[in-house]
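Right, one structure below, let's go through it.
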Amino acid sequence: GVQAIAAMALGTQTIDPVSMVVGPGNAVVAEAKRPLFGRIGIDLIAGPSETLVIADDSVDAEMCATDLLGQAEHGFNTPAILLTNSMQLAQDTIAEVERILKILPTANTAGVSWRDFGAVIVADSYEEMVQEADRIASEHVQVMTRDPDYFLNNMKNYGALFLGARTNVAFGDKVIGTNHTLPTGKAARYTGGLWVGKFIKTCTYQKVLTDEASALIGSYCSRLCAIEGMIAHGEQANIRVRRYGQKDVPYGSAVPA
């Protein structure tokens, strides 16, 4: 809960403050993490769960509808989208969703998500399906086509792909892996999900090895700083041109070209 996240981020008498808080949670957990970003690191701000089913006529409407509603029951605001190149499958899936909602015990939740956030998109080709899928940038993408690897090889924006009819998002939720803390709200355009790299800092260093190199770099730096009016910055370059390049550069001036 909120109190646990605050305790880990800020510290208590018995808990030392941590550097990063990660992991899934509900809307309250997400909002607790948001104001702490900067004081500590976080993985991402997770919104409502999302699912995109990409399918062609190699699968049937029952399979598509089941996978859509399997995620729509997460909450009242869960986007569940079918993207297909088959008009017949699109129409049949809509009908099948309505049939399943009449017998699904969680229909009160899933039905609201489908009504308010559900969508069916019909594309002309695999290429257009990839373009549309990358625009949507869904958290979960279930691919049930004759060639699911086509989408693996061509899609760029998604949280996680589930390839083939034998695979599904519930498997990823519960048993199959990989990590299931994933980007939502189109965040997949610029980030992936939580992975080991989130716990690795990228640190850089610089080292100029010779007098000649320092003087040469310094001459370029000096002129750039002068253009920008950054006189003290320029002197960082100039002093090295004087010392390592043996050139007389008046204080506050730029090294001539």
Got a sec: does the [atom1] of [X] have more than 12 other heavy atoms crowding it under 6.0 Å?
X	atom1	answer
R146	CZ	yes
R99	CZ	yes
H233	NE2	no
M20	CE	yes

If you measure from [atom1] on [X] to [atom2] on [Y], what distance do you get to the nearest 0.5 Å?
X	Y	atom1	atom2	result
M129	T84	CE	OG1	5.5 Å
D173	F162	CG	CZ	7.0 Å
N168	T66	CG	OG1	10.0 Å
L10	D16	CG	CG	13.0 Å
I54	L163	CD1	CG	9.5 Å
T51	I81	OG1	CD1	9.0 Å

Stepwise side-chain contact (heavy atoms from CB on, under 4.5 Å) test for V143 and Y150: CA-CA 10 Å; V143 182; Y150 176 87; over 6 Å; no

Residue pair [X] / [Y], side-chain heavy-atom distance below 4.5 Å:
X	Y	answer
D56	L89	no
V21	L36	no
V120	T93	no
H140	S49	yes
V169	D67	no
V59	C64	yes
D116	N77	no
V122	Q91	no

Taking [X] for the side chain and [Y] for the main chain, is one N or O donor matched with an acceptor at less than 3.5 Å?
X	Y	answer
R189	A137	no
S214	D211	no
N157	D134	yes
T210	A213	yes
K186	R135	yes
E128	D124	yes
D60	M63	yes
E139	E50	yes
T181	G193	no

Taking all atoms of both residues into account, what is the closest heavy-atom pair of [X] and [Y], and its distance?
X	Y	value
V97	A65	CG2-CB, 3.6 Å
L194	F199	CD1-CE1, 4.0 Å
L83	A123	CD1-CB, 4.4 Å
L82	A90	CD2-CA, 4.1 Å
A32	V2	CB-CG2, 3.9 Å
S253	V249	O-CG1, 4.1 Å

Do NZ/NE/NH1/NH2 and the carboxylate oxygens of E235 and R242 come within less than 4.0 Å?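 Result for this pair is yes, salt bridge flagged.
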
Going by an N to O cut-off under 4.0 Å, is there a salt bridge joining K33 and D43? yes

Are F151 and Y158 close enough, and set up right, to give a ring-ring contact (aromatic ring centres under 6.0 Å, His included), and what steps lead you there? CA-CA 11 Å; F151 294 88; Y158 54 87; over 10 Å; no

Going through the checks in order, is the side-chain hydrogen bond (donor to acceptor under 3.5 Å, both in side chains) test met by S125 and E127? CA-CA 5 Å; S125 64; E127 291 82 2; 3.3 Å; yes

Under 6.0 Å between ring centres: does that hold for F117 and F76?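 No, ring centres 6.0 Å or more apart.
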
Show, in sequence, the C-alpha distance, side-chain angles and deciding distance for V141 and M155, and conclude whether the side-chain contact (heavy atoms from CB on, under 4.5 Å) test is met. CA-CA 10 Å; V141 181; M155 280 185 62; 4.3 Å; yes

All side chain to side chain donor-acceptor pair (under 3.5 Å) counterparts of Q131, not counting sequence neighbours: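 Scan of Q131 (side chain to side chain donor-acceptor pair (under 3.5 Å), adjacent residues dropped) gives none.
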
Could you walk me through whether Q142 and M144 pass side-chain contact (heavy atoms from CB on, under 4.5 Å), step by step? CA-CA 6 Å; Q142 168 75 51; M144 297 187 292; 3.3 Å; yes

